Amino acid sequence: MDLAALYQRLYWHLGPQGWWPVQKRGRDHRFEIMVGAILTQNTAWTNVEKALANLRLSAAMNPKQIIKMPSKRLAALIRPAGYFNQKTKKLKIFSHWLVKSGGLRSLKSLPTSQLRTKLLSLWGIGPETADSILLYALERPVFVVDAYTRRLCSAAGIDAGDYGSCQRYFESRLPRSRKLFNEYHALIVAWGKLYGNKKTRGEALNLVRA
DNA sequence: CTCCAGGGGGCCA
DNA sequence: TGGCCCCATGGA
């Protein structure tokens, strides 16, 4: 089954996921999306939401506040997201880079490949987090690969290979659309939860098989 | 009690 | 490169 048809199936069965709209209630959520991408590393999203709420309530959802804030205090705010010492360091390094780069506005003019290389050079930003930031916050047409994507490929009989191979597999077989990639990745995660549940695994397998 | 979330870094062979 | 361990909370 081709990837476009697979997308249609996932969408039909799981519905729109609506991950991370850049604009919500007239506000710019790009920085929050980036923070979320870092905080959600190996962490349940429900826990990330608590940490994000703490940052918002403390008026700390911006890079300058993150930089200024003592590490102990930042760690306390993001505590529910787990790995708080490492993630405190990651958020500070990332925020420093963002401010030093001139903020979100100045990133718009940079090519995606250059941005990706820069993100990957930062301590705490690996391939999935970099691509999530590029896709969901910076709205670049980059396909995000994660453990669920591998599982789906495996279940669908697709030999996707390593991260880069898997990414190229999807990017080369789909229209290079930021909105499509956004929804597709979110649908794969939703499928992964279905697959992870013993009671619905059969349903998940049916979705990816002819 | 165990398992694992919308990973990544460090180390070692 | 590939395998392991570490990081840490909270829900199932």
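Keep in mind that what you see is a predicted model, and the values were worked out from it rather than measured.
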Which protein N or O atoms sit under 3.5 Å from an N or O of nucleotides 10-12 of chain C?
{"residue": "C/dG10", "atom": "O4'", "partner": "A/N47", "partner atom": "OD1", "Å": "3.3"}
{"residue": "C/dG10", "atom": "O4'", "partner": "A/N47", "partner atom": "ND2", "Å": "3.1"}
{"residue": "C/dG11", "atom": "OP1", "partner": "A/K50", "partner atom": "NZ", "Å": "2.7"}

Checklist entry - About how many Å separate CG of A/L135 and NE2 of A/H185, when rounded to the nearest 0.5 Å? => result 8.0 Å
Next on the checklist: With heavy atoms of chain A within less than 4.0 Å as the criterion, where does contact along DNA chain B begin and end?
Outcome noted: B/dA5 to B/dG10
Next on the checklist: Using atom P in both nucleotides, what's the gap between C/dA12 and B/dG6 to the nearest angstrom?
Outcome noted: 13 Å
Checklist outcome for this item: Ranking A/K89 and A/R151 by the position along DNA chain B of their nearest nucleotide, the one closer to 5' is A/R151
Next on the checklist: Students often get this wrong, so: under 4.0 angstrom with heavy atoms, is A/D162 touching a base, only sugar-phosphate, or nothing?
Outcome noted: nothing
Checklist entry - Heavy atoms under 4.0 Å, any strand shown: does A/I125 hit a base, just sugar-phosphate, or nothing? => result sugar-phosphate
Next on the checklist: I need the single residue from A/T149, A/D162, A/D131 that forms a side-chain hydrogen bond (donor to acceptor under 3.5 Å, both in side chains) with A/Q167. Which is it?
Outcome noted: A/D131
Checklist entry - Does A/E203 offer a backbone N or O that forms a donor-acceptor pair with the side chain of A/T200 under 3.5 Å? => result no
Next on the checklist: Check whether A/Y169 forms a cation-pi arrangement with A/R173 (NZ or CZ under 6.0 Å from the six-membered ring centre, at most 45° off the ring normal).
Outcome noted: yes
Next on the checklist: Heavy atoms only, 4.0 Å cut-off, all strands: where does A/L187 land among base, sugar-phosphate and nothing?
Outcome noted: nothing
Next on the checklist: I'd like to know if the side chain of A/K89 pairs up with that of A/S71 as donor and acceptor (distance under 3.5 Å, no hydrogens or angles considered).
Outcome noted: no
Item to check | Between CG on residue A/L52 and CD1 on residue A/I78, distance to nearest 0.5 Å | outcome: 10.0 Å
Item to check | Least distance between heavy atoms, A/L138 atom then A/M34 atom | outcome: CD2-CE, 3.5 Å
Item to check | Spacing of OG1 belonging to A/T112 relative to CZ belonging to A/R178, to within rounding of 0.5 Å | outcome: 12.5 Å
Next on the checklist: Counting runs of three or more consecutive pairs, Watson-Crick or G-U wobble, with each distance below 3.5 Å, where are the stems of DNA chain B?
Outcome noted: B:2-5 with C:9-12, B:7-13 with C:1-7
Next on the checklist: Please verify the inter-ring angle class for A/F31 with A/F94; under 30° counts as parallel, over 60° as perpendicular, anything in between as tilted.
Outcome noted: parallel
Checklist entry - Can you tell me how far CD of A/E128 sits from OG1 of A/T40, rounded to the nearest 0.5 angstrom? => result 8.5 Å
Checklist entry - When rounded to the nearest Å, what value does the distance between P atoms of B/dC3 and C/dC5 take? => result 14 Å
Item to check | Nearest-Å distance for atom pair NZ/P, residues A/K87 and C/dC6 | outcome: 18 Å
Checklist entry - Which part of the nucleic acid, if any, lies within reach of A/Q86 when heavy atoms closer than 4.0 Å are counted: base, sugar-phosphate only, or nothing? => result base
Checklist entry - Reckon A/W19 touches a base, only the sugar-phosphate, or nothing at all at heavy-atom distances under 4.0 Å? => result base
Checklist entry - Any donor and acceptor pair, going by atom type alone, linking the side chain of A/N54 with main-chain N or O of A/L77 inside 3.5 Å? => result yes
